[in-house]
Amino acid sequence: MSQEIFDKAKQIQATIKAETPKTLEELEQFRIKYLGTKGLLKGLFGEIRHVDKERKREFGLLANAIKQETEAAFQQLKDNFEAAEGTESISLDLTAPAEPNALGSRHPISIVMNQIVEIFQRIGFVVAEDREIEDDWHNFTAMNTPADHPARDMQDTFYVMNDPGMLLRTHTSSVQSRVMTKTQPPIRIIAPGRVYRNETISARSHCQFHQVEGLYVAENVSFADMKQTLYYFAKELYGATKIRLRPSYFPFTEPSAEMDVYWGLKDEIDYKITKGTGWLEVLGCGMVDPAVLENCGIDSKKYTGFAFGMGIERQAMLKYRISDIRYLFENDKRFLNQFSAAL
Ligand code: DAH
(Lines give C-alpha, C1' and ligand atoms only; values in the text may rest on other atoms or scores of the structure.)
Protein backbone atom coordinates (compact mmCIF):
# COMPACT_ATOMS: atom_id res chain seq x y z
CA MET A 1 0.00 0.00 0.00
CA SER A 2 2.70 2.46 1.05
CA GLN A 3 4.68 1.96 -2.12
CA GLU A 4 1.69 2.91 -4.25
CA ILE A 5 1.36 6.22 -2.40
CA PHE A 6 5.09 6.86 -2.85
CA ASP A 7 4.74 6.14 -6.58
CA LYS A 8 1.79 8.49 -6.82
CA ALA A 9 3.83 11.24 -5.11
CA LYS A 10 6.71 10.72 -7.54
CA GLN A 11 4.32 10.86 -10.42
CA ILE A 12 2.86 14.16 -9.24
CA GLN A 13 6.40 15.49 -8.83
CA ALA A 14 7.23 14.54 -12.42
CA THR A 15 4.02 16.10 -13.75
CA ILE A 16 4.75 19.33 -11.95
CA LYS A 17 8.27 19.42 -13.38
CA ALA A 18 6.87 18.96 -16.88
CA GLU A 19 4.43 21.87 -16.54
CA THR A 20 5.28 24.98 -18.59
CA PRO A 21 2.72 27.71 -17.95
CA LYS A 22 3.13 30.35 -20.69
CA THR A 23 1.08 33.23 -19.38
CA LEU A 24 0.25 34.74 -16.01
CA GLU A 25 -3.17 33.19 -16.36
CA GLU A 26 -1.77 29.71 -16.94
CA LEU A 27 0.53 30.23 -13.98
CA GLU A 28 -2.44 31.05 -11.78
CA GLN A 29 -4.09 27.81 -12.88
CA PHE A 30 -0.85 25.99 -12.08
CA ARG A 31 -0.96 27.48 -8.57
CA ILE A 32 -4.58 26.50 -7.96
CA LYS A 33 -4.04 23.00 -9.35
CA TYR A 34 -0.99 22.14 -7.20
CA LEU A 35 -0.66 24.67 -4.37
CA GLY A 36 -4.25 25.75 -3.78
CA THR A 37 -6.24 24.82 -0.66
CA LYS A 38 -7.93 22.09 -2.69
CA GLY A 39 -4.81 21.40 -4.73
CA LEU A 40 -3.08 18.12 -5.47
CA LEU A 41 -0.33 18.66 -2.91
CA LYS A 42 -2.83 19.21 -0.15
CA GLY A 43 -4.36 15.88 -1.13
CA LEU A 44 -0.93 14.26 -1.13
CA PHE A 45 -0.30 15.38 2.45
CA GLY A 46 -3.67 13.84 3.36
CA GLU A 47 -2.41 10.46 2.07
CA ILE A 48 0.08 10.25 4.92
CA ARG A 49 -2.41 8.47 7.08
CA HIS A 50 -2.40 5.49 4.65
CA VAL A 51 1.38 5.20 4.77
CA ASP A 52 2.91 2.52 6.97
CA LYS A 53 4.06 3.84 10.27
CA GLU A 54 7.75 3.17 9.69
CA ARG A 55 7.71 5.06 6.34
CA LYS A 56 5.62 8.09 7.46
CA ARG A 57 8.72 10.20 8.13
CA GLU A 58 10.20 9.35 4.73
CA PHE A 59 6.90 10.28 3.06
CA GLY A 60 6.63 13.53 4.98
CA LEU A 61 10.10 14.54 3.80
CA LEU A 62 9.23 13.68 0.20
CA ALA A 63 5.89 15.54 0.27
CA ASN A 64 7.56 18.62 1.79
CA ALA A 65 10.33 18.53 -0.79
CA ILE A 66 7.75 18.43 -3.61
CA LYS A 67 5.84 21.30 -2.04
CA GLN A 68 8.97 23.43 -1.70
CA GLU A 69 10.06 22.67 -5.26
CA THR A 70 6.65 23.60 -6.56
CA GLU A 71 6.51 26.84 -4.58
CA ALA A 72 10.00 27.77 -5.76
CA ALA A 73 9.07 27.00 -9.40
CA PHE A 74 5.91 29.08 -9.05
CA GLN A 75 7.83 32.03 -7.61
CA GLN A 76 10.48 31.82 -10.29
CA LEU A 77 7.91 31.78 -13.10
CA LYS A 78 6.01 34.66 -11.51
CA ASP A 79 9.15 36.78 -11.28
CA ASN A 80 9.99 36.01 -14.91
CA PHE A 81 6.55 37.05 -16.12
CA GLU A 82 6.59 40.25 -14.13
CA ALA A 83 10.04 41.21 -15.34
CA ALA A 84 9.01 40.52 -18.93
CA GLU A 85 5.91 42.63 -18.48
CA GLY A 86 8.02 45.52 -17.16
CA THR A 87 10.35 45.45 -20.13
CA GLU A 88 7.45 45.31 -22.49
CA SER A 89 5.99 48.57 -21.16
CA ILE A 90 9.25 50.46 -21.61
CA SER A 91 10.23 48.80 -24.84
CA LEU A 92 10.39 51.12 -27.85
CA ASP A 93 7.96 51.04 -30.68
CA LEU A 94 10.23 52.13 -33.48
CA THR A 95 7.34 52.47 -35.87
CA ALA A 96 5.50 55.02 -33.70
CA PRO A 97 5.22 58.49 -35.28
CA ALA A 98 7.56 61.10 -33.76
CA GLU A 99 6.08 63.27 -31.01
CA PRO A 100 5.85 66.84 -32.29
CA ASN A 101 8.25 68.93 -30.21
CA ALA A 102 6.71 72.37 -29.71
CA LEU A 103 9.60 74.79 -30.11
CA GLY A 104 9.14 78.44 -29.31
CA SER A 105 9.59 81.05 -31.98
CA ARG A 106 11.35 84.37 -31.99
CA HIS A 107 9.16 87.41 -31.58
CA PRO A 108 8.94 89.48 -34.80
CA ILE A 109 10.32 92.50 -32.91
CA SER A 110 13.37 90.50 -31.87
CA ILE A 111 13.85 89.19 -35.40
CA VAL A 112 13.94 92.69 -36.89
CA MET A 113 15.94 94.17 -34.00
CA ASN A 114 18.59 91.43 -34.26
CA GLN A 115 18.83 91.98 -38.00
CA ILE A 116 19.42 95.71 -37.58
CA VAL A 117 21.97 95.22 -34.81
CA GLU A 118 23.80 92.59 -36.81
CA ILE A 119 24.08 94.86 -39.87
CA PHE A 120 25.82 97.51 -37.78
CA GLN A 121 27.99 95.02 -35.91
CA ARG A 122 29.44 93.99 -39.26
CA ILE A 123 30.91 97.48 -39.67
CA GLY A 124 32.32 97.73 -36.17
CA PHE A 125 29.44 99.03 -34.04
CA VAL A 126 29.27 97.51 -30.56
CA VAL A 127 26.03 96.79 -28.69
CA ALA A 128 25.34 99.09 -25.72
CA GLU A 129 22.38 98.65 -23.40
CA ASP A 130 21.20 100.66 -20.45
CA ARG A 131 18.32 101.24 -18.06
CA GLU A 132 14.68 101.79 -18.98
CA ILE A 133 13.93 103.73 -15.78
CA GLU A 134 16.06 106.76 -16.47
CA ASP A 135 16.69 110.14 -14.90
CA ASP A 136 15.59 113.37 -16.46
CA TRP A 137 19.17 114.46 -17.12
CA HIS A 138 20.23 111.51 -19.31
CA ASN A 139 16.94 111.36 -21.20
CA PHE A 140 16.39 115.10 -21.76
CA THR A 141 18.84 117.65 -20.32
CA ALA A 142 22.05 116.04 -21.56
CA MET A 143 20.36 115.51 -24.91
CA ASN A 144 19.87 119.24 -25.24
CA THR A 145 16.13 119.09 -24.75
CA PRO A 146 15.13 122.28 -22.96
CA ALA A 147 12.93 122.31 -19.87
CA ASP A 148 10.03 123.78 -21.83
CA HIS A 149 10.21 121.23 -24.64
CA PRO A 150 6.80 119.60 -25.26
CA ALA A 151 8.35 116.12 -25.04
CA ARG A 152 8.84 116.76 -21.33
CA ASP A 153 5.13 117.25 -20.84
CA MET A 154 3.32 114.83 -18.54
CA GLN A 155 1.09 114.16 -21.53
CA ASP A 156 3.99 112.58 -23.36
CA THR A 157 6.27 111.12 -20.72
CA PHE A 158 5.66 108.64 -17.92
CA TYR A 159 7.22 110.03 -14.76
CA VAL A 160 7.92 107.93 -11.69
CA MET A 161 5.30 108.70 -9.05
CA ASN A 162 6.56 111.00 -6.28
CA ASP A 163 9.87 111.44 -8.09
CA PRO A 164 9.60 113.78 -11.09
CA GLY A 165 13.37 113.49 -11.60
CA MET A 166 12.87 109.88 -12.76
CA LEU A 167 10.99 108.67 -15.80
CA LEU A 168 10.57 105.79 -18.24
CA ARG A 169 12.97 106.65 -21.07
CA THR A 170 11.17 108.10 -24.04
CA HIS A 171 13.88 107.14 -26.52
CA THR A 172 17.07 105.10 -26.69
CA SER A 173 18.96 108.38 -27.17
CA SER A 174 19.42 108.25 -23.39
CA VAL A 175 21.97 105.50 -24.01
CA GLN A 176 24.04 108.06 -25.93
CA SER A 177 24.48 110.23 -22.84
CA ARG A 178 25.05 107.16 -20.66
CA VAL A 179 27.88 105.96 -22.89
CA MET A 180 29.41 109.38 -23.59
CA THR A 181 29.66 110.29 -19.90
CA LYS A 182 31.55 107.05 -19.26
CA THR A 183 33.72 106.69 -22.36
CA GLN A 184 35.93 108.95 -24.41
CA PRO A 185 35.92 108.68 -28.23
CA PRO A 186 36.25 106.80 -30.43
CA ILE A 187 32.74 105.60 -29.67
CA ARG A 188 30.79 103.40 -32.06
CA ILE A 189 27.67 101.91 -30.49
CA ILE A 190 24.36 100.39 -31.50
CA ALA A 191 21.74 100.44 -28.72
CA PRO A 192 18.55 98.39 -29.03
CA GLY A 193 15.88 98.67 -26.36
CA ARG A 194 12.37 99.36 -25.16
CA VAL A 195 11.02 102.87 -24.74
CA TYR A 196 7.81 104.35 -23.32
CA ARG A 197 5.51 107.23 -24.20
CA ASN A 198 2.22 108.35 -22.78
CA GLU A 199 0.28 107.64 -25.96
CA THR A 200 -3.27 106.51 -26.44
CA ILE A 201 -3.11 102.91 -27.60
CA SER A 202 -4.44 102.42 -31.12
CA ALA A 203 -3.72 100.34 -34.21
CA ARG A 204 -0.84 102.69 -35.05
CA SER A 205 0.67 103.65 -31.70
CA HIS A 206 1.39 102.11 -28.33
CA CYS A 207 2.65 103.32 -24.96
CA GLN A 208 5.63 100.98 -25.20
CA PHE A 209 7.70 100.22 -28.25
CA HIS A 210 11.28 99.53 -29.35
CA GLN A 211 14.03 101.59 -30.90
CA VAL A 212 17.55 101.08 -32.11
CA GLU A 213 19.96 103.95 -31.59
CA GLY A 214 23.32 104.42 -33.25
CA LEU A 215 26.18 106.73 -32.30
CA TYR A 216 29.58 107.30 -33.82
CA VAL A 217 31.91 109.87 -32.27
CA ALA A 218 35.54 110.24 -33.26
CA GLU A 219 37.88 112.75 -34.89
CA ASN A 220 36.79 114.03 -38.30
CA VAL A 221 33.46 112.25 -38.49
CA SER A 222 31.50 113.94 -41.26
CA PHE A 223 27.96 114.13 -42.59
CA ALA A 224 29.22 112.15 -45.61
CA ASP A 225 30.30 109.32 -43.25
CA MET A 226 26.78 109.26 -41.84
CA LYS A 227 25.19 109.19 -45.25
CA GLN A 228 27.37 106.33 -46.45
CA THR A 229 26.78 104.32 -43.28
CA LEU A 230 23.02 104.75 -43.52
CA TYR A 231 23.05 103.94 -47.22
CA TYR A 232 24.85 100.68 -46.46
CA PHE A 233 22.23 99.94 -43.79
CA ALA A 234 19.31 100.65 -46.16
CA LYS A 235 20.80 98.36 -48.78
CA GLU A 236 21.32 95.57 -46.25
CA LEU A 237 17.95 95.72 -44.50
CA TYR A 238 15.58 96.74 -47.30
CA GLY A 239 17.58 95.93 -50.38
CA ALA A 240 17.03 99.61 -51.16
CA THR A 241 18.82 101.13 -54.10
CA LYS A 242 18.21 104.76 -53.17
CA ILE A 243 17.98 106.79 -49.97
CA ARG A 244 17.22 110.44 -49.41
CA LEU A 245 17.89 112.70 -46.45
CA ARG A 246 15.30 115.37 -45.76
CA PRO A 247 16.18 118.30 -43.45
CA SER A 248 14.53 117.95 -40.07
CA TYR A 249 14.90 118.99 -36.46
CA PHE A 250 15.96 117.12 -33.31
CA PRO A 251 17.26 118.92 -30.20
CA PHE A 252 20.34 116.69 -29.99
CA THR A 253 21.58 116.91 -33.59
CA GLU A 254 22.61 119.79 -35.82
CA PRO A 255 22.05 119.54 -38.70
CA SER A 256 19.28 116.94 -38.43
CA ALA A 257 17.65 114.84 -41.10
CA GLU A 258 15.10 112.19 -41.72
CA MET A 259 16.04 109.31 -43.95
CA ASP A 260 13.68 107.81 -46.51
CA VAL A 261 14.39 104.63 -48.46
CA TYR A 262 13.06 104.06 -51.92
CA TRP A 263 10.44 101.36 -51.56
CA GLY A 264 8.94 101.49 -55.02
CA LEU A 265 5.41 101.63 -56.35
CA LYS A 266 4.70 98.19 -57.72
CA ASP A 267 1.29 97.53 -56.29
CA GLU A 268 -1.59 99.07 -54.41
CA ILE A 269 -0.07 98.30 -51.01
CA ASP A 270 3.10 100.17 -51.99
CA TYR A 271 0.93 103.18 -52.77
CA LYS A 272 -0.75 102.87 -49.41
CA ILE A 273 2.34 102.54 -47.23
CA THR A 274 4.34 105.19 -49.08
CA LYS A 275 1.33 107.49 -49.43
CA GLY A 276 1.77 107.39 -53.16
CA THR A 277 5.36 108.70 -53.15
CA GLY A 278 7.33 105.45 -53.35
CA TRP A 279 9.47 106.70 -50.43
CA LEU A 280 9.34 105.34 -46.91
CA GLU A 281 10.50 107.28 -43.89
CA VAL A 282 12.63 105.01 -41.69
CA LEU A 283 14.79 106.96 -39.26
CA GLY A 284 15.93 110.23 -37.73
CA CYS A 285 19.59 111.21 -37.77
CA GLY A 286 22.05 114.04 -37.68
CA MET A 287 25.41 115.32 -36.54
CA VAL A 288 25.65 115.21 -32.76
CA ASP A 289 25.08 118.75 -31.46
CA PRO A 290 28.35 120.06 -29.93
CA ALA A 291 26.35 121.05 -26.84
CA VAL A 292 25.48 117.36 -26.29
CA LEU A 293 29.14 116.36 -26.51
CA GLU A 294 30.08 119.07 -24.01
CA ASN A 295 27.23 118.09 -21.65
CA CYS A 296 28.74 114.61 -21.54
CA GLY A 297 32.34 115.77 -21.06
CA ILE A 298 33.58 115.28 -24.62
CA ASP A 299 35.69 117.97 -26.29
CA SER A 300 33.53 119.25 -29.17
CA LYS A 301 36.48 121.04 -30.78
CA LYS A 302 38.35 117.79 -31.16
CA TYR A 303 35.53 115.37 -31.85
CA THR A 304 32.48 115.23 -34.04
CA GLY A 305 29.91 112.51 -34.48
CA PHE A 306 26.69 111.35 -35.99
CA ALA A 307 23.69 109.66 -34.44
CA PHE A 308 20.51 108.02 -35.63
CA GLY A 309 17.45 106.41 -34.12
CA MET A 310 14.63 104.30 -35.50
CA GLY A 311 11.49 102.58 -34.32
CA ILE A 312 11.30 98.81 -34.69
CA GLU A 313 7.57 98.17 -34.64
CA ARG A 314 6.98 100.04 -37.86
CA GLN A 315 9.73 98.09 -39.63
CA ALA A 316 8.33 94.78 -38.36
CA MET A 317 4.83 95.78 -39.40
CA LEU A 318 6.00 96.66 -42.89
CA LYS A 319 8.11 93.56 -43.25
CA TYR A 320 5.45 91.13 -42.08
CA ARG A 321 2.42 93.13 -43.25
CA ILE A 322 1.00 93.40 -39.71
CA SER A 323 -1.99 95.71 -39.69
CA ASP A 324 -2.25 96.51 -35.97
CA ILE A 325 0.63 97.31 -33.58
CA ARG A 326 -1.29 95.74 -30.69
CA TYR A 327 -0.72 92.25 -32.11
CA LEU A 328 2.93 92.75 -31.22
CA PHE A 329 2.22 93.02 -27.51
CA GLU A 330 -0.62 90.60 -26.92
CA ASN A 331 1.43 87.40 -27.05
CA ASP A 332 -1.34 85.51 -28.76
CA LYS A 333 0.22 82.20 -29.74
CA ARG A 334 -1.80 82.03 -32.95
CA PHE A 335 -0.02 85.21 -34.00
CA LEU A 336 3.44 84.32 -32.66
CA ASN A 337 3.51 80.80 -34.13
CA GLN A 338 3.47 82.31 -37.60
CA PHE A 339 7.08 83.40 -37.08
CA SER A 340 8.46 79.99 -36.15
CA ALA A 341 10.14 79.59 -39.53
CA ALA A 342 11.83 83.00 -39.30
CA LEU A 343 15.34 83.51 -37.97
N1 DAH B 1 15.25 109.97 -30.44
C2 DAH B 1 14.52 110.26 -31.64
C3 DAH B 1 13.07 109.83 -31.43
O4 DAH B 1 12.80 109.12 -30.50
C5 DAH B 1 15.09 109.55 -32.80
C6 DAH B 1 16.41 110.09 -33.17
C7 DAH B 1 16.52 111.13 -34.09
C8 DAH B 1 17.57 109.60 -32.63
C9 DAH B 1 17.73 111.63 -34.46
C10 DAH B 1 18.79 110.11 -32.97
C11 DAH B 1 18.85 111.14 -33.90
O12 DAH B 1 19.93 109.65 -32.46
O13 DAH B 1 20.08 111.63 -34.27
O14 DAH B 1 12.23 110.17 -32.21
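Each ligand, and each atom within it, is numbered from 1 in the order the structure gives.
For the atom pair E199 CD and F209 CZ, the distance stands at 6.5 Å (nearest 0.5 Å).
At a cut-off of 3.5 Å, with distance as the only test, a side-chain donor of Q3 or D7 sits close to an acceptor on the other residue. Side chains of Y320 and Q338: no donor on one and acceptor on the other come within 3.5 Å. Neither side chain, N64 nor Q68, offers a donor N or O lying under 3.5 Å from an acceptor on the other.
Within 4.0 Å of ligand 1, the residues that place a heavy atom are H171, S173, Q176, R197, Q211, E213, F250, F252, T253, G284, C285, G286, A307, F308, G309, listed by chain and number.
M143 has its side chain within reach of S177: a pair of non-hydrogen atoms, C-beta onward, lies under 4.5 Å apart.
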Going through the checks in order, is the side chain to side chain donor-acceptor pair (under 3.5 Å) test met by T141 and D136?
CA-CA 7 Å; T141 314; D136 189 286; 3.3 Å; yes

